[in-house]
Amino acid sequence: MNELIVQGNSPTLTVAHQELQTALSGLLGQTVPSSQQVTKQNVLVAGTPASSALVKNLGLTDRLKAVGNEGYLLQTSTKNGKNYTVIAANTDIGVLYGSYHFLRLLQTQQDISNLSIASAPKIKHRVLNHWDNLDRTVERGYSGFSLWDWHRLPGYIDQRYIDYARANASVGINGTVLTNVNANALVLTEDYLKKVAALADAFRPYGIKVYLTARFSAPIEIGGLKTADPLDPQVQAWWKKKSDEIYSFVPDFGGFLVKANSEGQPGPQNYGRNHADGANMLADAVADKGGIVMWRAFVYSEDEPDDRAKQAYNEFKPLDGTFRDNVLVQVKNGAIDFQPREPFHPLFGAMPKTPLMMEFQLTQEYLGQGTTLAYLSPMYKETLEADTYAKGKGSTVAKVVDGSLDNHKLTGIAGVANIGNDRNWTGHQFAQSNWYTFGRLAWDHALSSEQVADEWIKMTFTNDNKFVAPVKDMMMNSHEAIVNYMTPLGLHHIMGWSHHYGPGPWIKDKHRADWTSVYYHKADEKGIGFDRTKSGSNAVAQYFPPVAKQFGNVKKVPEKYLLWFHHVPWDHKVNSGRTLWNELAYRYSGGVDDVRQMQKTWDNQEGMIDQERFQHVKQLLTVQEQEAKWWRDACLLYFQTFSKDLFLKI
């Protein structure tokens, strides 16, 4: 290719042109001249039929109809003796997405001689949730302070804001919630809206809309009202006026994300109303401007419940069909709280009249935090590929989320961001892979974890297969290793109190039983595990019958969820033939061994990449090995106090 033609001068097409120019120069080692007319033999063309006569005349109209507003075509064609590589889309943002895909092919050394690729996102709203506070601290953030320097906004636009937008657009992320779900109403005041507008302006050419978290009590805190009752006409009028003000600053404002009546946050239940009442009030306030409301389903009673895992289902399922058309109910992948492993949330499939938005966590709150190498694509895929049986076999969680199961046009997926102002963005070099994989799976959840890892390694480090193959294996095994040395066989919520770092299976006697560890593992002399069958909390009944039947049977439940659903005797024989106690010991020790193997794998890569990043990962793997031993020793020694008779027989 010896000529680049990008016809059209919108901000987004200008960005696409710049990205192609910069990348081609770097990847090919020579400048590819730009032109507005074809003068060379091998031409790279990017544009829409509306912006580019070349694209319009290449006969792609029918194929473009199939890729929608954000999709694109990568096509190789010949016309009038010229060879064209075409990046075509219906919209400018589609051209940008297609440009990044094309550059990904080049960077990973794929064959581009005969392209015929059509790609479109399976999910409409692909959003990062930043748990960033206005003082620049980040809740459950392990990568430095917040990117958003509110003090210097709106006047100063840091280059990192632009690079952040570029990174997101390169994987198809099209929205960002700037503020913590534990919201501060001040972000809705005029002074902060001016700052929000500056960020929105910086992100707009990259196809990224900004969203804000709405503190439910804002009408009282910044509006001077005496109530925040969603059915009060004054409150409704306040939110409508506030929303109109936001849109005056940010014309393409995406809408609100809300955490309400959860963990002390105010909400409609403070006034005897339900979640639909609260969500619908906010939805009405933004509906005429095209805004949406993402209402989180992460709720559990202020009173001690019989089983926290049942709370969200119990509260939200009865509300199915009562939410406005522009409301998404945002559901975590599992029913407790981003544990190292959870079975899929029973709400998926249970609310066919309501679009459900997936919420994954990229930041590793329960997965070793900032010192642990954890490639999370296999965990995300485990949830997305789980079968709800809501409409029979094949009713996967992914089909619920992408709207295909229940014919929803409004669809969404959220990732709790792991990004801060650290030099490498995510604290741990390999944590970048989770930002990357979230975007790639949000665009196309059918991609395999192996493919996404392969892309990320090649674009981050090198295309040399002597490096790629072993490091990909290390990444693919990393999540299972962590589960084994932290919470094997379905154990969960046994981490340290409050900060959630390190083991703490002994945690008890706090002011809420369901914030302790003993509440979840229920270890005693007879066995261990939370009975969620008919003889216990009966949480299995929240799943559709084929799933409930499997999860509720101690002989049929997948072993990875065994102790999630069953209280099992210490001498129970598992699939390996070992007793439960011996299997726990085996898994905990195996997890440590796996981390040591990761260390060996990484040590063998010395000299394959730059020394700075090599040493960064090497040192953190040493920390991870120490943490793995800590988890193994602490948990086995604690649980041995209950299984002591068996322990003596090992």
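The local environment of CZ in Phe461 is crowded, with over 12 non-hydrogen atoms from other residues, nucleotides or ligands closer than 6.0 Å.
Shown here for Ala309 and Arg532, the closest heavy-atom pair between the two residues is CB-NE, 3.7 Å. In terms of heavy-atom proximity, Ala374 sits nearest to Ile482 at CB-CD1, 3.3 Å.
Atom NE2 in His493 sits 9.5 Å away from atom CH2 in Trp515 (nearest 0.5 Å). Taking CG of Asp531 as the start and CH2 of Trp564 as the end, the distance is 14.5 Å to the nearest 0.5 Å. Here the CG-CZ distance, from Asn168 to Phe438, works out to 9.5 Å after rounding to the nearest 0.5 Å. With rounding to the nearest 0.5 angstrom, the NE2 atom of His500 is 4.0 Å from the OH atom of Tyr366.
By the 4.0 Å N-to-carboxylate-O rule, Lys560 lies too far from Glu480 to be salt-bridged with it. The residues Arg587 and Glu559 are annotated as salt-bridged, a charged nitrogen and a carboxylate oxygen being separated by less than 4.0 angstrom. Taking the charged nitrogens against the carboxylate oxygens, Arg166 and Asp163 do have a contact shorter than 4.0 Å, which makes a salt bridge.
Using a distance-only test at 3.5 Å, with no hydrogens or angles considered, a donor-acceptor pair links the side chain of Thr213 to the main chain of Asn180. Remark: side-chain polar atoms of Ser576 are paired, donor with acceptor, to backbone N or O of Arg578 under 3.5 angstrom. For the pair Glu342 (side chain) and Gln339 (backbone), a donor-acceptor distance under 3.5 Å is present. Formation of a donor-acceptor pair under 3.5 Å by the His479 side chain with backbone atoms of Pro340 is found in this model. With hydrogens and angles ignored, the 3.5 Å screen pairs no side-chain donor or acceptor of Glu625 with any backbone N or O of Val592. The backbone N or O of His567 lies less than 3.5 Å from no partner atom in the side chain of Lys522, so there is not a single donor-acceptor pair. The main-chain N or O of Asp422 is never found under 3.5 Å from a side-chain atom of Ser143 such that the two would form a donor-acceptor pair. In this structure, His616 contributes its side chain and Gln429 its backbone to a donor-acceptor pair below 3.5 Å. Side chain of Arg341 to main chain of Gly490: no donor-acceptor pair is present (N/O by atom type, distance under 3.5 Å, no hydrogens or angles). Using modelled atom types, one side-chain atom of Thr371 and one backbone atom of Gly368 make a donor-acceptor pair closer than 3.5 Å.
Residues passing the side-chain hydrogen bond (donor to acceptor under 3.5 Å, both in side chains) test with Thr137 are Asn133, Asp135, sequence neighbours excluded. Not a single salt bridge (charged side-chain N to carboxylate O under 4.0 Å, His left out) links Glu627 to another residue, sequence neighbours left out. Scored by the side-chain hydrogen bond (donor to acceptor under 3.5 Å, both in side chains) test, Ser433 finds no partners at all (sequence neighbours excluded). Under the side-chain hydrogen bond (donor to acceptor under 3.5 Å, both in side chains) criterion, His566 pairs with no residue, sequence neighbours left out.
Classified by interplanar angle (parallel below 30°, tilted 30° to 60°, perpendicular above 60°), the ring pair Phe530/His492 is tilted. Aromatic ring pairs are classed by plane angle as parallel below 30°, tilted from 30° to 60° and perpendicular above 60°; the pair Tyr543 and Phe551 is perpendicular. Between Trp506 and Tyr638, the angle of the ring planes goes over 60°, which puts this pair in the perpendicular group of the 30/60° scheme.
In this structure, the side chains of Met476 and Ser449 come closer than 4.5 Å at one or more pairs of heavy atoms. No side-chain heavy atom of Lys310 sits less than 4.5 Å from a side-chain heavy atom of Tyr313.
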Can Leu128 and Ile419 be said to form a side-chain contact (heavy atoms from CB on, under 4.5 Å), step by step?
CA-CA 10 Å; Leu128 286 183; Ile419 303 156; 3.7 Å; yes

List the steps and the verdict of side-chain contact (heavy atoms from CB on, under 4.5 Å) for Phe338 and Phe360.
CA-CA 8 Å; Phe338 297 134; Phe360 286 129; 5.6 Å; no

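With Trp630 as the partner, the ring-ring contact (aromatic ring centres under 6.0 Å, His included) test is satisfied by one option alone out of Tyr485, Tyr501, Tyr588: Tyr501.
Applying the salt bridge (charged side-chain N to carboxylate O under 4.0 Å, His left out) rule to pairs touching residues 433-446 yields Lys122-Asp444, Arg440-Glu455, sequence neighbours excluded. The side chain to side chain donor-acceptor pair (under 3.5 Å) analysis of residues 461-472, with sequence neighbours excluded, yields the pairs Asp454-Lys472.
Remark: the Gln364 side chain and the Gln369 side chain contain no N/O donor-acceptor pair separated by less than 3.5 Å. Under 3.5 Å, the side chains of Asn333 and Glu359 contain no donor-acceptor pair of N or O atoms.
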